[in-house]
Peer 1: 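Submitted below is the structure of interest, expressed as structure tokens.
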Amino acid sequence: MLYPQMNEKRFLTSLDGIWNFCFGSEILEEKYVMKPLENPEKLYVPASYNDQKADIRFRDHYGYAYYQTYFSIPNGLRKNRIVLRFGAVTHNCVVYLNGNKIGEHTGGFLPFEMELDESVLEEKNLLSVAVDNRVDFSTLPVGNESKRAMFGDSLPNFDSVNRTNIKNKNYPNFDFFNYCGINRSVKLYTTAKDYINDIYIDTKIDGANAVVKVEAEFIGAGKAAVSILDDKGNEIVSDKNINEEIVIENAKLWQPGKAYLYTAKITFNEDCYYQKFGVREVAVKDNQFLINGKPFYFKGFGKHEDSEIRGRGIDEALNVKDISLMKWMCANSFRTSHYPYSEEMLNLCDEEGIVVIAETPAVGLNFPNVEGELLEKYNKRTAHHRQVIQDMIARDKNRPSIVMWSLANEPDTAGTPHKALDYFEPLYHLAHQCDPQSRPVTVVVCNNDYIKDKVAPFVDVICVNRYYGWYIFAGDLDAASQAMDIEMQYFSQFNKPLMITEYGADTVAGVHNAVPNMFSEEFQVEYYDAMNTVLDKYKFVVGEQTWNFADFQTIQGVMRVDGNKKGIFTRDRRPKLSAHYFKNRWTKIPDFDYKK
């Protein structure tokens, strides 16, 4: 899917701003979409609705919510193809225009669009969006099915409680807040009736030159051509045929920390599109991760799209700040834990040379023996997982910043090892088939009984989340170091690169101790130093990504005090002591050839 752009052939405008809003029930009610809302609330789009009002209804809503706005199409544009595009609506939604259902979408972290037919357009158009925020066994991320699943073990007389007094709520099987709503921008754009529908770019390095292949998908018949522009917009290759191999002489590479972007200008009849790309290659060889043929070392973070007030809503100023802080620390990478991030953030990564592991929202996966309604939900979830992989790669396939696809985070790969492998093996092959560049594919695992795990050794790169010294051997860094060392010895037998994609300790900013204790800033530093001392011993360990870049919000619970505090930065981006520790460490670790 192409990112919308304004150019000499295409028009683009935004519908972001203040929208009308109201809550509904657990069923879709057409009275909220057929006509203007009565006495609506006012909310900003794009942003999660949960924290925009000082009202518990917004924080803990369960079920449908309804958004409305008006727009008009200038008469001069109505002869063109008109497309309505949503960056992301979390989690499921149905879209209406002037009372007519024009589309629906499942999944809360990827874009979708629909053409606006002249038959449904009026001079002033009422756009209504019904948003369902519920998570359960059929969704990604996964939700628990019942109150008992969350509280049954701690409430022996659960069945005697008058459940009519217990409100339905989401019980997520994931450790981040279930922020919902229209979280990314809503846009209108136009193309000619015959148009460029998609573009695929692959690059190969041939000595000092680059060989570029540009493929495209067109709707309609006509003549197409492609030209290549340098980063200043100067044409360096002109009027080549689609699918023709194009040679860029003395090509400049896209490198971590030193990005260089070319642009492919594709023309087709009365349409054109400018697709940026980088010349770079990614490969896994033996126990190394190679970028442009050189062994790369990942220095960075797991992350979240999470901020005050906006929740999971896009905040481009915050994106700029986060990239700046990464560069301040000499970090070079992050993982889009635990869902695909906004296109705007990934655009920045392409421009700034930040390396990205892109992940699906498949978090909380397990593989129980189910039947009946749960089996139906399991099959629905499996089909959705396949679709998400296809859609994520379709959206991000041309990005030089993305070097690996992660199919899931912390699924149960040890409790049902063979069943998990049977599940992930076809998804692994699907990801490779969908990607023109066939980037490496992984599954991020976190099973204490890692010897039973069949998935981790199967994928291209072993990615492990590990919390020795925190959840296991809490506070005992000597035992934690021994456990990490033993695990690394085990994984060394597979002759594959391994990276730690999560490790960390909850740290309350401002808590200091002369003798490091858990939750203090000093303990977080001691923890990371102990773990990194072990990781540095092993040449097949190709990276370290802390959990987390910044503190983030979670569901209420005795394990969390105003969210997860494992951030290297506070939620408002103030550095803890560990930020200075990693700045010092990563300044001394080169991006390439760290472990020769």
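This one's a predicted model, so the numbers in the text were calculated from it and none came from an experiment.
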Peer 1: Would you call Arg399 and Asp350 a salt bridge, using N to O less than 4.0 angstrom?
Peer 2: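 Salt bridge: yes.
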
Peer 1: Indicate whether the side chain of Ser520 and that of Gln524 have a donor and an acceptor atom separated by less than 3.5 Å.
Peer 2: no

Peer 1: Parallel, tilted or perpendicular: which fits the ring planes of Phe424 and Phe367, with parallel below 30° and perpendicular above 60°?
Peer 2: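 Plane angle over 60°, so perpendicular.
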
Peer 1: Between Arg85 and Glu115 (salt bridge meaning N to carboxylate O under 4.0 Å), is one present in this structure?
Peer 2: no

Peer 1: Without hydrogens or angle criteria, can the side chains of Tyr171 and Glu145 be said to hold a donor-acceptor pair below 3.5 Å?
Peer 2: no

Peer 1: Assess whether a salt bridge exists between Lys565 and Asp551, defined as any Lys/Arg side-chain N lying under 4.0 Å from an Asp/Glu carboxylate O.
Peer 2: no

Peer 1: Would you please test Asp562 and Arg571 for salt bridge (charged side-chain N to carboxylate O under 4.0 Å, His left out) and show each step?
Peer 2: CA-CA 10 Å; Asp562 191 31; Arg571 201 179 187 206; 5.8 Å; no

Peer 1: Carefully, step by step, assess Asp322 and Lys303 under the rule salt bridge (charged side-chain N to carboxylate O under 4.0 Å, His left out).
Peer 2: CA-CA 10 Å; Asp322 286 356; Lys303 209 173 176 297; 2.7 Å; yes

Peer 1: Closer than 4.0 angstrom, basic N to acidic O: yes or no for Asp315 and Lys321?
Peer 2: no

Peer 1: Aromatic rings Tyr423 and Tyr378: how do their planes relate, parallel, tilted or perpendicular, breaks at 30° and 60°?
Peer 2: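 It falls in the tilted class, 30° to 60°.
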
Peer 1: Assess the pair Tyr528 and Tyr503: is the distance between their ring centroids shorter than 6.0 Å?
Peer 2: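 Ring-ring flag for Tyr528/Tyr503: true, centres closer than 6.0 Å.
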
Peer 1: Is there a salt bridge (charged side-chain N to carboxylate O under 4.0 Å, His left out) between Arg335 and Glu359 once you walk through the steps?
Peer 2: CA-CA 7 Å; Arg335 174 171 58 118; Glu359 187 164 88; 2.6 Å; yes

Peer 1: Considering residues, nucleotides and ligands other than Asn369, do more than 12 of their heavy atoms fall under 6.0 Å from its CG?
Peer 2: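 Incorrect, the count does not exceed 12.
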
Peer 1: For Tyr468, does the six-membered ring have the charged nitrogen or CZ of Arg466 within the cation-pi criterion, i.e. under 6.0 angstrom from the centroid and within 45° of the normal?
Peer 2: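 Relative to the ring axis of Tyr468, which defines the angle, Arg466 lies inside both limits.
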
Peer 1: Please work out whether the ring planes of His91 and Phe109 are parallel, tilted or perpendicular, with thresholds of 30° and 60°.
Peer 2: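 His91 vs Phe109 ring planes: perpendicular.
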
Peer 1: Please confirm whether the backbone N or O of His61 pairs with a side-chain atom of Arg57, one donor and one acceptor, at under 3.5 Å?
Peer 2: no

Peer 1: Mark yes when over 12 heavy atoms from residues, nucleotides or ligands other than Glu26 sit less than 6.0 Å from its CD; otherwise mark no.
Peer 2: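 Enclosed: over 12 neighbouring heavy atoms sit under 6.0 Å from CD of Glu26.
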
Peer 1: In terms of side-chain heavy atoms, does Lys187 have a donor or acceptor partner in Tyr3 at a distance below 3.5 Å?
Peer 2: yes

Peer 1: Could you go step by step and tell me if Glu30 and Lys35 meet the salt bridge (charged side-chain N to carboxylate O under 4.0 Å, His left out) rule?
Peer 2: CA-CA 9 Å; Glu30 290 195 339; Lys35 59 183 181 179; over 6 Å; no

Peer 1: Whether the Gln545 and Ser333 side chains hold a donor-acceptor pair (N or O, under 3.5 Å, no angle test) is what I'd like checked.
Peer 2: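 Present: a donor and an acceptor within the cut-off.
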
